[in-house]
Amino acid sequence: MKKIFMGLAVVLLTLGLCVSTATAKEDIVFAETALITGVFGFAGGELHEGIVDYFNYTNENGGIRGHKIKHVFEDCGYKVDCSVATFKKLTAEHNPLFYSGDSTGFMKAINPELQATKNTLMSGVSYASELTDETKYPRSFIIGPSYTDQMSILLTYAAKEMPGAKVAIVHSDSGFGRDPIEAGKAKAKELGLDLVEVITTKPGSVDVSTEVLKLRRKKPDYVLFHGYVLTPINEFMQQMKDLGMATKFMGTYWSSSELMYMKAKEVSDGYLGVMHLNYFNMEKSPGKEWDAMRAYNAKVHPDKLTRPNFYMFGWFQGMVWAEVIGRTVDAGKELTVDNLRATLNSIENWDTGGIASVPVTVRNNSIPFGRVFKVNAAEGRYEPVSEVIEIK
Amino acid sequence: MDWLFFFESSIAGLATGAIYSLVALGFVIIYKATRVINFAIGEIMMISAYLFLTFAGILEWHPLIALPLAMLGGGLLGSVTEKLIIRPMLGESPISVVMVTIGLSSILVGAAQIIWGPGPRILPDFLPRAPIFIGELYVSSKIAYSALIAIGLLVCYLIYFRFSRGGVALRATASDQAAAFSMGISVPKVFNYAWFFGSMAAALAGVLVAASGGLSPYSGSMALSILVVVIFGGLDSLTGALVGGLLVGWLETMTGAFLGGEYKMLTIFTLLTFVLVLKPYGLFGTKEIERL
Amino acid sequence: MRIGDAVSTYPSDEAIFRTQTQKVWMGIFIATLLTFPFVSSPYTLFLACLVGIAVISATGLNILVGLTGQISLGHGGFMGVGAYTAVWLADNMGMGLALSMPLAGLLTAAVGVVVGLPSLRVKGLYLAIATMAASVILHFIFVHWEPVTGGNAGINLQNANIFGINLNSDLRMYFVVVPLAIIAVLGERNLLRTRIGRAFIAVRDRDISAEVLGVDLLRYKLMSFGLSSFYAGCAGALWAYFFKVVTPESFPLDTSIFYLAAIIVGGMGTVLGPILGAIFMTLVPEILKILTAVVVPILPNAQVLLSPVRVVVFGALIVGFLLYEPHGMAEMWRRTRRYSHLWPFKT
Amino acid sequence: MADDILELKGISLSFGGLKVLSDVSFTVPEGKITAIVGPNGAGKTSLFNAISGFYKPQAGEIFFKGENIGHLHPPKRAKLGLARSFQNIALFRGMTVLDNIKLGAHSHLKTGLLAALFYIGKAQREEMALREEVETKIIDFLEIDHIRNMSVASLAYGLQKRVELARALAIGPQVLLLDEPVAGMNREEKEDMARFILDLNQEWGMTVLMVEHDMGMVMDISDKVVVLNFGQLIAQGTAEDVKNDPEVIKAYLGSGNVSDMRRRLGVEAAGSE
């Protein structure tokens, strides 16, 4: 046993020292740092499949203006140094035109390199507010509204539905959780909302009964969650509903997935989520592309009857870049970063055929639009309850 | 000062503390017998909660069957751990043994992801949900019942270790391994037994924590607070585990209530630093006598 | 087969490289290091820099844990202090790496000494938790001291240069990191040849006896904390220069555990151990990825399916080493070397 | 007295309720071999620990060359020249024999951290001077040159004791405190050790204070014997005086047959086993 173990260790080490290099292909290359493991694994896996499926679907239908897409990726489990390593490796080996990154930390770390040397545009799973500054992040793009914008959309909705409403913000004590809080406070004030409480919790699984005690006293009309996926939002809702409170609950992108009604069941009824995409599971089809996506999914994954919106995010991410390539090719321009960037910035009122819930317009290095959706727990779906809300 | 809020928070804090005490008890039992700091205790909690989820949520067995089975599962996990990776480490430096348990926690996290998937889960409701009011005082039902169950097991453990043969063997081993061995106590058996019971306590706590806080493969990280509890109370003191658990649970909750959640870790770890400087072996821990 | 070495003077007996063969091997090694960046792919070059930084940090931790026997879970936090300080100095004072890194190291050393203060009263695992408390407190400071740390968003390094040379490529970083790593390791090796290194080991092996024999415990424990933190601070500074950004999440508790694992896998208390450990632990995730890639042709979805397996393997490696080779890779290396010396005779 | 290098006055030490030493006073004459004897649990090692500074006596004073050193921290006492060995060999297992010995010289070396890291001029010169001194004075003297590069863990018991003695010598002792230097040794090893101690005393003029159970050796080489029982000093004087002291005999035997005890002491004194 000991010998086998030592032998294995030696083999591993030698393998590591001779990392092979491969040659780049002519196709359009899309590279990705995937998030299959790690704390983000629950979403990363689906997101990754969304990207993969979209590219396969596109390639099966002749590619983008004849260009096939080659998709390469590696998993990093939400670790910055690994992501940077993967970026270097994948860009060196495949020279991708597009890159899907992961954490905010990675987006920041890679920014100087991204600007300096590579012919690559990047998007990622980060909606960090800081990335909306195009002068600082000219090669990065947020596929959707930033966290601040998401929060603003929800607050706008609340202010419209109940002017002067009492609002509480609950967020996790992590980089992600703290991101839009200051801006959110300012926005609430601007909208004339009464911000009665801001609560910080540890991320992940925590007991929230004390926080419920606080909210019980402040009696907010709305509680806005940011920085969570599912827990402990369900617990807040459960306990506050048990207490007979009429508070409405709302949350930003990562807290607005199907997990809400799938896991928290009837407790989640009436929960409000902000979403720039449509959901996989809708009462009626929002458009042709959406139908195609459903059909393709049914064909290649017959076992997957439904998909969380992370999958939609992956699909949409692929779609945005495909559109950018398509438009650039149509305009007869070369596929360089600058041309692609210009094309991207020129997108105005693009109809995505039902994938996005809003007409796509690019502004502030992002797509600062969204709609508010409401959980219908009995039916097991989100239903749109607002018009498109734009943040300027 | 809103006294009602103060008392409500205090009760919530003590209830959390009771669960901390239970995990800490499991931790201390293991430490007392085997001198091993088990950094994987959070992951044992997590796996046990997943076992409960499997039995009660997926197989839809009655919680009264599922809960003991999950505890048994947790206990067995502890026992197997002891046999496979702790026993061969006998006599190695404490750092190495700690690292073994850290390695184990990584294995368990990965295993949980492979078996149950990476997404967050919610346990099926098995505790009464109606909020409890004591006069004006509101207590969240889940946390109240969890605390009661935790206290129940705590009492059972204390009685058991005080009076049973196994308990005596454990205490004998804890105070002097060689002497215990020469008195005919099978020390390896005691080790295994400590890991089994210690992990079982953690298992129950894991289910209770997951019941109110949800569950994911990374849930085990909550055990950081448990480390504070056991160091605070003294690594080898059952009393320390009980008192430390309640105190740390209370303090953490009060910090959250009056200062904000971001100060929780800061407060308990700052407190810990002070305690360590003033009482290097915790409030109730045995001072190791140094010899030349 | 080498038979023996005849040395006639004390300096030659205490030299680091005692034989001609060793010197030759060392020359080959240095030559390899020099040519490596020009033949490697950008990815391996990146990894090499990462390994270099890890070697410095692991060597620092080895001084504290391996040589002096004080367990620390605060190493990641110390690296954070170094990283923030270096970036702050570079951006606000316009300093180059040659100045900002040592200063960052010194500040971190000061922090380390303060964190080490309980070490006189607190031992073993109690100390481990006390140092963990320090890293929690440091993390809090990173998040909340916004004017300096940039709070949540962290700070970006605008001005990465050394002696006026812009450190904007991995190649340049390589030629900064690798020599520094060599200096760091030589420093540790030299330390072991002097009274300070002996005092450290004495404190580790039998602290009380050491005190009676003339070693001032507080002084050497704190010195060890300080020196170890200095290494961590410098490694953190290099990390910051390498990634050009520091956020509160750059150095989580996992970092401390990673380095502990590295020195244990490598072999605690040896000079070679932290080097091998740092290389191994940095490359393991990469190696596992390559292994997964090998399976892909057979199992197209392998990368997705096997990703969590890597987490398991990572843990299993730590456990495996501790069970089957508790003295780490350095011991494996030593055994191999002895075998090769005596070849063709059986040992 | 001018020629007493070490003087203990009224040392009392207790742990909790347990009295380990009560009011112990005696002197150690310079250049002589003094032995502390007494049954197990008499407090001999505790007394050593009090002299080294590891235990802080509740009462009493310790004078070294006429100066009260009772408040000094253990390393300071070592630097003054109070060197000792330990009952349960306290060698540093992670170091070679040579390094163990060198560690003894710790408090006399001056290399600072920076010099050590770069091993520049001064540090190297100091280390080489130390090596030379250790080699010529100690290693040659104690005849341990063949094991100098071995790890101490692999050494035989007798050799480990000898390395401990070497380390104590490297401290540059004014007084050498030896805690059971020959305990557990075979006869040959004992004789070697006794010869080293005598040589040290006679050739180097070393003052030795030792705790020893082996009566034969104590009686053979000691100039002065101090007897402890239950933490109290019950007799002191030359070996001959002590041997005949009825208190001592009672202490060793408990009670009863004095002549038998005397015979046993006498037999042991002859060195046969």
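Reckoned from all heavy atoms, side chains included, excluding hydrogens, waters and symmetry mates. First the proteins, then the strands, lettered A, B, ... as listed; each starts at 1.
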Qualifying salt bridge (Lys or Arg N to Asp or Glu O under 4.0 Å) pairs with a residue from residues 170-184 of chain A, counting only residues at least two apart or across chains:
A:Asp173-A:Arg178, A:Arg178-C:Glu249, A:Glu182-A:Lys185
Does some side-chain heavy atom of C:Asn156 sit less than 4.5 Å from a side-chain heavy atom of A:Glu130?
yes
Heavy atom to heavy atom, less than 4.5 Å: which residues from residues 239-248 of chain C reach chain A?
C:Phe243, C:Lys244, C:Val245, C:Thr247
Using a heavy-atom cutoff of under 4.5 Å, enumerate the residues of residues 137-150 of chain C that contact chain A, numbered in order, or state 'none'.
C:Val143
From C:Tyr43 atom OH to A:Leu90 atom CG, the distance as rounded to the nearest 0.5 Å
8.5 Å
One should read off an interatomic distance between A:Lys88 NZ and C:Asp170 CG, to the nearest 0.5 angstrom, of 3.0 Å
Enumerate the side chain to side chain donor-acceptor pair (under 3.5 Å) contacts for residues 251-266 of chain C, please, sequence neighbours excluded, ordered by first and then second residue.
none
May I ask you to check whether over 12 heavy atoms, not counting those of C:Phe36, lie within 6.0 Å of atom CZ?
yes
